[in-house]
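None of these values were measured; they are calculated from a predicted model. FYI, the numbering just counts along the sequence from 1.
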Amino acid sequence: MGENENEETDQTPSEATSEKSPLHGSVLHRAINDAGKFSLLDSVFKNIIWKVYRLPTANGRWLCVREQMAESTLSFHIPKQLIELFIQEDTRRLQDLEELGELSSHWDTLRKNVTLHYQQMINSYQEVLAELNKFSGSSFKSSCCRREKKLEFVPVNLHLQRMQIQNNSAKTDGVYDVVTIGAPAAHIRGFRNGGLRRQLYRFEGEKRNSAYQYIYYSPEDTTKAKEVITNIYRLHPRILSNTDLLLAAARHRSSDSLKDSLKTLSEITEQFVHTFEDQLVRSALLALHKARPSYVNKKCSTLVNNLEGTEDQSENSERRSSKDSIPHHAEYDEEDWDRVWVNVGKSLNCIIAMVDRLLEQNDCRPECEPNSSPADQSPSSACDNWYEGLYPLAVTLKDCVNEVISRAKKAMVFVLLQDCGSNIPQALALHQRRDIVFSQALAGLVCGFVIKLHTCLHDPGFLLQLHTVGLLVQFEGLLSTYSEEIGMLEDMSVAITDLQKVSFKVVEAHLEESANADLSPLVTGIRDFYTVEVQLPSKLFEVLPQVIKDGKLLRVHPVFFNIGINEQQTLAERFGDISLQEIINQENLNLLHKYYKSFQEKLSTDCLPRLQTQIDLKELFQSLSENIQARKRKNVEILKITASICRRLNGIRFTSCKSAKDRTSMSVTLEQCVILQEEHSLHPDYFVRALDCMRREGCRIENAQKNIKCRKYAFNSIQLMAFPKYYRPPDGTYGKAAT
């Protein structure tokens, strides 16, 4: 047809009989920056490729379909931020280990060894960051660079794939986004011993077996220790600053400011107190006490005394401890921690009582003024009374908070020290591997969140869902459960699970209208507790609900379903083991059910998008459950159903294979055609022809060209015999090529 975007598309197929077939000559290709549509996303997406199709519908009209593919600058931007945070956190960890104080020889040796390996890891991360800062060129990492050391934190072939449909009135009738990304995996570190899922399981077993040498803490305990440390660093400065604001309000005798400061201080202090409620803190304090040299010396002395039966020596041993600042086990009072911890709340209550009394006196003051002497009415005297009344209480609160932090922080650092106890090199190797795959996954997640937020910014239902139950994030995997790819699958499953610990926060970007400023997201926090701040210009920020503008953290709920489709999966199904895939799919079905249940309890379906095919979500969940239980070979129906559920629940879609180039291309083009048929009445006779056209002339063949400099998918005819029917590319589009 060859018509451009501005041409009318109201013609029916019967009126166009003299023209070419609607699939020939209907592709327009431009590699441009679309300032009109993507001006707000210029900081995130680059090098946009367009393909436009004109397709007939079952009701005799035409569809104008615009396919877009864009690189994301976040491919490099997010990993660089994360590596900087890794370095900062690990450097602070070294300082915390040093501040543990004197330890017995056994624990001190462990500390020295851990410190040495952490220094090596920090040096390694600094080298990688230096290389990434030197990197210039495209905004994506090609599939050929999977094993490059300097790029191991960068996701493979990250792109946004968008399909936009226009109806006969040239209005947008639907926008569908999929983020395509190579499976988050540590390719350069190999898969001889499997991926993260298997290696972490084995390592936990080794830790349990070595509990006679070290103290075993579960992964949940380790996470809790990190959470406590995070809250200390987050809440401590806020308590100090708000205490100072309270005193400033008292000095200026400002009732309103005093009330506001007290309210904020009370909320933050309550959070602080609740942080230390866990039994882990108490047990870790006792464990750290036993690791002190004084405890070991006392224990040895007691054994000697028991053997010799000399009471005098025992008494002398008891007296010797009087000069030791750390109490011996016999003197250790487990309730002492409770008293120290509770004192924070008591100090706050004293401040609250004093403020209430001052405000009450202030309210009564007008009644007393006629009988007051001039000296009593002195403004400076009144101000001093407020300030002098609160100052000693504020100092006491700060002292109590500092005492709690001094004890609890050391105890939690001691817990984290045990995490490396059984095998330090292996522990830190797993540490690095997890950092690598998480970095890749987070880059993709932030890319998806940004595009979803911008697309649905004016959808009140989506925004309500976002801050009420969080955002569904659905990953589709096409990895086989055979050879190296089973290791990639194990890496990917852990990386996606770790995304549960990520929160988003939308902030206002204070920019001038003409400023060409960077609106890239900002990552803050430590491992297991990252927050991504997404900036919006003031005009867009104003349309958000107040609860989001006030800084509420927005949670994401990642789920991952995998179905291997290639010839290696055939081998796994016939001669190998596919249990990992079955376990992953069942686990994530439960997570998906949990999210939907939460949605049903808190929201109505009015929040959800209106689609042409009114399929009940309960029916889709039932069908998904049945398909997972059926254990059918290469059951790609699971992928179709999960994608449909994700779209109906306002989620973000991700599709992955090893390189996000070949199998991923087959999947996203199939999904696009399924959407066109089910939601936009694509003529059934043109389904396969549209599918072949998109694979032959569309954005995904351009993706192959970008990655391997060849416009072919890396399949051969023998391999394709094992592929499901609709995952096979048309003749002439595949052949021998790099993967």
For residues [X] and [Y], determine if any side-chain heavy atom of one lies less than 4.5 Å from a side-chain heavy atom of the other.
X      : Y      : result
Phe45  : Thr73  : no
Glu671 : Leu639 : no
Thr91  : Ile87  : yes
Thr531 : Phe504 : no
Leu132 : Val154 : yes
Pro729 : Leu720 : yes
Arg663 : Ile565 : yes
Val534 : Val507 : no

Using only atom types and a distance under 3.5 Å, with no angle test, would you say the side chain of [X] pairs donor to acceptor with the backbone of [Y]?
X      : Y      : value
Thr733 : Lys712 : no
Lys51  : Glu697 : yes
Asn157 : Ser143 : no
Gln418 : Tyr214 : no
Asn562 : Leu479 : yes
Arg202 : Asn193 : yes
Thr223 : Pro219 : yes
Ser75  : Glu71  : no
Ser665 : Lys661 : yes
Gln569 : Thr481 : yes

Around atom [atom1] of [X], are there more than 12 heavy atoms from other residues, nucleotides or ligands closer than 6.0 Å?
X      : atom1 : value
Glu98  : CD    : no
Tyr482 : OH    : no
Tyr233 : OH    : yes

When you check the gap from the basic side-chain N to the acidic O, do [X] and [Y] get nearer than 4.0 Å?
X      : Y      : value
Asp108 : Arg111 : yes
Asp96  : Arg92  : no
Glu152 : Arg189 : yes
Arg527 : Glu89  : yes
Asp491 : Arg434 : no
Glu131 : Lys149 : no

Task: Parallel, tilted or perpendicular, as decided by the 30° and 60° cut-offs, for the rings of Phe654 and Phe475 - done: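 Rings of Phe475 and Phe654: parallel, under 30°.
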TODO: Give me the ring orientation class for Phe153 and Phe86: parallel if the planes are under 30° apart, tilted from 30 to 60°, perpendicular past 60°.
DONE: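 Because their plane-to-plane angle lies in the 30° to 60° range, the rings of Phe153 and Phe86 count as tilted.
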Task: Evaluation steps, side chain to side chain donor-acceptor pair (under 3.5 Å), between Tyr118 and Arg93 - done: CA-CA 9 Å; Tyr118 262 108; Arg93 177 74 58 80; 2.8 Å; yes
Open item on the list: Test salt bridge (charged side-chain N to carboxylate O under 4.0 Å, His left out) on Arg147 and Glu484; report intermediate values, then the result.
Closed with: CA-CA 14 Å; Arg147 296 185 181 276; Glu484 284 195 344; 3.2 Å; yes
Give a yes-or-no answer on whether the side chains of [X] and [Y] include a donor-acceptor pair shorter than 3.5 Å.
X      : Y      : value
His187 : Lys658 : no
Asp662 : Tyr734 : no
Ser667 : Glu476 : yes
Thr669 : Arg695 : yes
Glu99  : Gln95  : yes
Gln161 : Gln672 : yes
Glu204 : Tyr216 : yes
Lys634 : Thr570 : yes

Open item on the list: Suppose we call two aromatic rings close when their centres sit under 6.0 Å apart. Are Phe438 and Tyr530 close by that rule?
Closed with: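 Yes, the ring centres sit under 6.0 Å apart.
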Task: Leu472 and its side chain to side chain contact (heavy atoms under 4.5 Å, CB included) partner, picked from Val559, Ile652, Leu591 - done: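 Checked Val559, Ile652, Leu591 against Leu472; only one passes side chain to side chain contact (heavy atoms under 4.5 Å, CB included): Val559.
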Open item on the list: Consider side chain to side chain contact (heavy atoms under 4.5 Å, CB included). Of Leu471, Thr497, Leu499, which one does Pro558 pass it with?
Closed with: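 The option that passes is Leu499.
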Task: Lys/Arg cation over aromatic Phe529: Lys501, 6.0 Å, 45° cone - done: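 No, a cation-pi geometry is absent between Lys501 and Phe529.
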How close do [X] and [Y] get, heavy atom to heavy atom, and via which atoms?
X      : Y      : answer
Met69  : Cys699 : CE-O, 3.5 Å
Gln719 : Asn716 : N-OD1, 2.7 Å
Gln432 : Ser124 : NE2-OG, 3.9 Å

Can you measure from [atom1] ([X]) to [atom2] ([Y]) and round to the nearest 0.5 angstrom?
X      : Y      : atom1 : atom2 : result
Leu536 : Leu453 : CG    : CG    : 5.5 Å
Ile229 : Leu416 : CD1   : CG    : 4.5 Å
Ser493 : Gln581 : OG    : CD    : 12.0 Å
Arg555 : Ser503 : CZ    : OG    : 3.5 Å
Glu702 : Arg711 : CD    : CZ    : 4.5 Å
Arg700 : Gln705 : CZ    : CD    : 14.0 Å

Task: With sequence neighbours excluded, residues passing side-chain hydrogen bond (donor to acceptor under 3.5 Å, both in side chains) with Tyr176 - done: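 With sequence neighbours excluded, Tyr176 shows a side-chain hydrogen bond (donor to acceptor under 3.5 Å, both in side chains) to His680, given in chain and number order.
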